[in-house]
Amino acid sequence: PTWEELYKNAIEKAIKSVPKVKGVLLGYNTNIDAIKYLDSKDLEERIIKAGKEEVIKYSEELPDKINTVSQLLGSILWSIRRGKAAELFVESCPVRFYMKRWGWNELRMGGQAGIMANLLGGVYGVPVIVHVPQLSRLQANLFLDGPIYVPTLENGEVKLIHPKEFSGDEENCIHYIYEFPRGFRVFEFEAPRENRFIGSADDYNTTLFIREEFRESFSEVIKNVQLAILSGLQALTKENYKEPFEIVKSNLEVLNEREIPVHLEFAFTPDEKVREEILNVLGMFYSVGLNEVELASIMEILGEKKLAKELLAHDPVDPIAVTEAMLKLAKKTGVKRIHFHTYGYYLALTEYKGEHVRDALLFAALAAAAKAMKGNITSLEEIREATSVPVNEKATQVEEKLRAEYGIKEGIGEVEGYQIAFIPTKIVAKPKSTVGIGDTISSSAFIGEFSFT
Ligand code: 8BR
């Protein structure tokens, strides 16, 4: 069969099987993304008011965190001047209030757990239980309708309700996203490319606060869960990781005892100590999902500097280097499934064999293309429309290399006792948005694979 035929087969399989998944636990990060499209004149006025000299100073070197308005404006200018993304914690309440009054153009669900809850629960119709560290009204209203649940404790008993039915009004965890286009001008500065600066007014996700319901009554909460996807460890630092890690480990012990496969959505983790600690617990996970930058950052920790460089040196990313890196990671940690995604192709290294691994990757690539095409997917059936997007031609050379090295046929080969599955993705020429595509890919592939067995 051709790739087009394999793609068509995969989406039909997914439409039949995915809605049969009975329950997915999603931890831990959920927040509000407030998107503000910057306006030059407005920004210049604010900079003058705050003190231009001071703001320019911070635009030359980023502060560690944000405590003053000049630090906020300086950090935004830092991103603009370089066309580079950055994210900082906003500590000061008056600065948080300043940002709130400055406002936003759009509110969106943020955090991997929250984003996946809307996709799996709201779009695929799969029942999900999601960890929301703080459930404010603003946060609750970002959840789609559908089988999405948060646990609450009533007289010590766990009850599952839709977030919109939650009667409390907790804190807002807002990540302010200041976006600018390429060529955006502020005084004498011009953005070399489009990008964003993020100021996180969030004390909960940034320290991986885990709610009482997920500490005291975790076994009860996961009673009807078949799968779990965890993320949010990436925000921790060497100063604050210890306590949340203990809770995560105790959650993992319960999930392992019940033989519930758990996927870790890796996400870029700037703190090296935290990255190292994640590797130490990776064996408690069944599966991990990551991209080339994240895989390279792990190779750095494992002392594989040359391999790390190799992973970032070529376009498309060299699949032999990726496979070697995945083998190192699998052997070192014992994780059973590694799903790698990059622009143009995906690979999965698994301890077990079967075409269902490849077919799940195909389903995930269609979901990604549908999301790139439309900005938002509204139903599982709608993903079928993405079959019209052409298969990435550049992936042919990737496939050839994998054939020569591991004898890959129809996307499946073998390496050192593991199965390696490959697929060329479908690339949307003019994407509406690429935010949250990584989460769409990983969660679709993981639950797709489970539903196909
Ligand atoms: P990360 O943010 O985790 O890297 O995930 C982004 C993923 O989105 C990439 O690995 C790539 O596979 C996919 N992607 C991007 Br970026 N642009 C795309 C496009 N135009 N069409 C389909 N997939 C895309």
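In each ligand, atom 1 is the first atom listed, and ligand 1 is the first ligand listed.
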Original post:
For Thr425, is the nearest heavy atom under 4.0 Å from an atom of ligand 1?
Top reply: no
Original post:
Judged by modelled atom types alone, do Ser136 and Glu171 share a side-chain donor-acceptor pair under 3.5 Å?
Top reply: no
Enumerated ligand 1 atoms positioned under 4.0 Å from heavy atoms of [X]:
{"X": "Gly438", "result": "3 (O), 5 (O), 6 (C)"}
{"X": "Pro431", "result": "20 (N)"}
{"X": "Lys426", "result": "21 (N), 22 (C)"}
{"X": "Asn291", "result": "1 (P), 3 (O), 4 (O)"}

Which protein heavy atom lies closest to [atom], and at what distance to 0.1 Å?
{"atom": "atom 18 (C) of ligand 1", "answer": "Tyr343 CE1, 3.8 Å"}
{"atom": "atom 20 (N) of ligand 1", "answer": "Val428 O, 2.9 Å"}
{"atom": "atom 7 (C) of ligand 1", "answer": "Ile441 CD1, 3.8 Å"}
{"atom": "atom 8 (O) of ligand 1", "answer": "Ile437 CG2, 3.2 Å"}
{"atom": "atom 9 (C) of ligand 1", "answer": "His341 ND1, 4.0 Å"}

**OP:** Report the relative orientation of the aromatic rings in Phe446 and His263; use parallel for angles under 30°, tilted for 30 to 60°, perpendicular for over 60°.
**Re:** tilted
Original post:
Taking the six-membered ring for Trp, are His341 and His339 parallel (under 30°), tilted (30 to 60°) or perpendicular (over 60°)?
Top reply: perpendicular
Strictly under 6.0 Å, is that where the ring centroids of [X] and [Y] end up?
{"X": "Trp102", "Y": "Tyr178", "result": "yes"}
{"X": "Phe363", "Y": "Tyr124", "result": "yes"}
{"X": "His162", "Y": "Tyr149", "result": "no"}

Original post:
Out of Thr342, Val389, Leu290, whose heavy atom is nearest to atom 12 (O) of ligand 1?
Top reply: Thr342
Original post:
Charged N to carboxylate O under 4.0 angstrom, Glu400 versus Arg403?
Top reply: yes
Original post:
Under the 6.0 Å and 45° cation-pi test, does Lys13 pair with Phe452?
Top reply: yes
